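Structure record follows, encoded as C-alpha cells.
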Amino acid sequence: MTNCRYERIMMIAIIVGVIGILGFSEYCIAQKEDKKDSYTSETVSKQEGMVTYQNVMVAKEVLTDLKKMSKCAGRDHIELLVQKGYQESGTDEEKSGLLIRFGSQEVEQNQVIQAWLEQHGWQYGFVQFQQEDYLLYRYTGRDIAKTIHEANVTFSEYLK
C-alpha cells in the first residue's frame with residue numbers, strides 16, 4: 001500500500017511538471033511576440049507630427065493603418081518593409097510623412113509586394129503615388145483611397 005501512495009505522488013509530480021513546462025513555453029512564446037511588436041512599435045520623433053516605424057519616420061496619422069496593413073500582409077506571408085518615409089530635404093509630399101516607399105532587397109519579393117499593394121493597399125488608405133513607381137504609395141485615408149481605387153487611377157492622376 002505504501003508503494004501505491006508513492007506512485008500517486010510521483011504521478012502528481014509528473015503532471016505538475018508537464019503543466020509547468022507547458023505554461024513556461026506559453027510564457028516564452030508571449031515574450032517572443034512582445035519582441036516582434038517592439039520591432040515595429042512607434043517612437044515619437046523630434047519632428048512634430050511624426051513617429052518612427054521600422055526605423056523610418058512617418059506621419060502619426062499613417063501609423064494605425066500602416067500597422068494593420070503590415071499585419072494583414074504578414075498573414076499572407078508577405079513582409080512589407082518600409083524603406084522611405086519623411087524626407088527633411090525633400091518635396092512637400094516627402095516632408096509630409098504621408099509618402100511611403102515599400103520594398104525589399106530582392107526583385108522577386110518586390111514584385112510580390114507590388115501585387116499585394118495593388119490588391120489590398122487601398123483598403124488601408126494607401127494608393128499608388130505615380131504610375132512609374134509601383135512601390136511608392138501615398139496615405140490618403142480609407143475613403144479617398146476607395147474612391148481612387150474605384151476610378152483606377154494613381155494619386156497624381158486623381159489630383160488632376
Side-chain angles (χ1 to χ4, degrees), residues 19-88 90-159:
I19 291 172
I21 289 171
L22 291 173
F24 182 71
S25 67
E26 289 294 319
Y27 171 78
C28 290
I29 290 170
Q31 293 298 317
K32 194 174 186 179
E33 290 297 318
D34 286 346
K35 285 182 183 176
K36 273 187 194 174
D37 289 344
S38 69
Y39 170 71
T40 59
S41 69
E42 71 272 11
T43 55
V44 178
S45 81
K46 294 177 185 176
Q47 292 294 62
E48 191 174 322
M50 300 290 163
V51 292
T52 303
Y53 177 79
Q54 293 183 356
N55 299 322
V56 174
M57 283 200 309
V58 297
K60 283 182 184 177
E61 62 212 64
V62 172
L63 191 62
T64 302
D65 282 331
L66 184 58
K67 282 182 171 182
K68 288 178 183 177
M69 186 170 75
S70 293
K71 193 173 190 177
C72 182
R75 284 192 298 263
D76 290 339
H77 306 290
I78 295 170
E79 187 176 6
L80 281 183
L81 298 175
V82 177
Q83 290 184 332
K84 206 185 272 187
Y86 168 82
Q87 298 293 308
E88 189 171 334
T91 65
D92 287 342
E93 284 289 343
E94 292 170 329
K95 288 179 183 179
S96 72
L98 301 173
L99 196 59
I100 298 174
R101 176 178 303 287
F102 297 95
S104 172
Q105 302 294 343
E106 302 172 21
V107 174
E108 300 87 28
Q109 185 66 18
N110 280 338
Q111 292 170 345
V112 172
I113 291 171
Q114 173 190 338
W116 193 91
L117 284 170
E118 284 176 7
Q119 192 173 26
H120 300 285
W122 66 273
Q123 297 168 335
Y124 298 93
F126 290 89
V127 294
Q128 187 181 352
F129 186 64
Q130 298 168 333
Q131 194 159 5
E132 313 82 49
D133 194 344
Y134 292 104
L135 295 173
L136 186 62
Y137 275 71
R138 166 89 160 53
Y139 181 77
T140 61
R142 293 179 183 220
D143 294 335
I144 294 174
K146 182 179 179 184
T147 303
I148 292 172
H149 175 74
E150 288 172 351
N152 197 24
V153 295
T154 65
F155 181 72
S156 301
E157 294 168 340
Y158 172 77
L159 290 179

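What you are looking at is a predicted structure, and each value in this text was computed from that prediction instead of being measured. Just so you know, residue 1 is the first one in the sequence shown, and it goes up from there. These numbers come from the heavy atoms of this one structure, side chains and all, not from hydrogens, waters or symmetry mates.
Of all non-hydrogen atoms in V82 and V56, the two that sit nearest each other are O-CG2, 3.5 Å. In terms of heavy atoms, N55 sits closest to T52 at CA-CG2, 3.6 Å. The minimum heavy-atom distance linking G97 with V62 is given by the pair O-CG2, 3.9 Å. In terms of heavy-atom proximity, W122 sits nearest to A145 at O-CB, 3.4 Å. In plain terms, the two heavy atoms of I113 and E79 that are nearest each other are CD1-O, 3.6 Å.
Not a single side-chain hydrogen bond (donor to acceptor under 3.5 Å, both in side chains) links Q111 to another residue, sequence neighbours left out. The ring pair (Phe, Tyr, Trp, His ring centres under 6.0 Å) search around Y139 returns F126, not counting sequence neighbours. Residues satisfying the side-chain hydrogen bond (donor to acceptor under 3.5 Å, both in side chains) criterion with Q109, sequence neighbours excluded, are absent altogether. By the side-chain hydrogen bond (donor to acceptor under 3.5 Å, both in side chains) test, S70 pairs with Y53, sequence neighbours left out. With sequence neighbours excluded, no residue forms a side-chain hydrogen bond (donor to acceptor under 3.5 Å, both in side chains) with Q83. The salt bridge (charged side-chain N to carboxylate O under 4.0 Å, His left out) search around D76 returns none, not counting sequence neighbours.
Side chains of Y134 and E118 form a contact here, defined as non-hydrogen atoms less than 4.5 Å apart. Contact annotation: the side chain of H77 never approaches that of W116 to less than 4.5 Å [non-hydrogen atoms, C-beta and beyond]. Counting heavy atoms from C-beta on, the side chains of L80 and L117 come closer than 4.5 Å. L136 has its side chain out of reach of K84: every pair of non-hydrogen atoms, C-beta onward, lies at least 4.5 Å apart.
Put simply, CD on Q54 and CD1 on I100 are 10.0 Å apart, with the number rounded to the nearest 0.5 Å. Taking NZ of K60 as the start and OG1 of T64 as the end, the distance is 11.5 Å to the nearest 0.5 Å. Rounding to the nearest 0.5 Å places NE2 of H149 at 11.0 Å from OG1 of T147. Once rounded to the nearest 0.5 Å, the distance linking CD of E157 with CG of N152 reads 8.5 Å. In this structure, R138 CZ and L98 CG are separated by 4.5 Å, a value rounded to the nearest 0.5 Å.
Using the six-membered ring where Trp is involved, F102 and Y137 have ring planes that are perpendicular, over 60° apart on the 30 and 60° scheme.
Among V127, I144, T140, the one residue that satisfies the side chain to side chain contact (heavy atoms under 4.5 Å, CB included) test with Y158 is I144.
Looking at S156, its side chain does come within 3.5 Å of a backbone N or O of F129 through a donor-acceptor pair. In this structure, T154 contributes its side chain and Q128 its backbone to no donor-acceptor pair below 3.5 Å.
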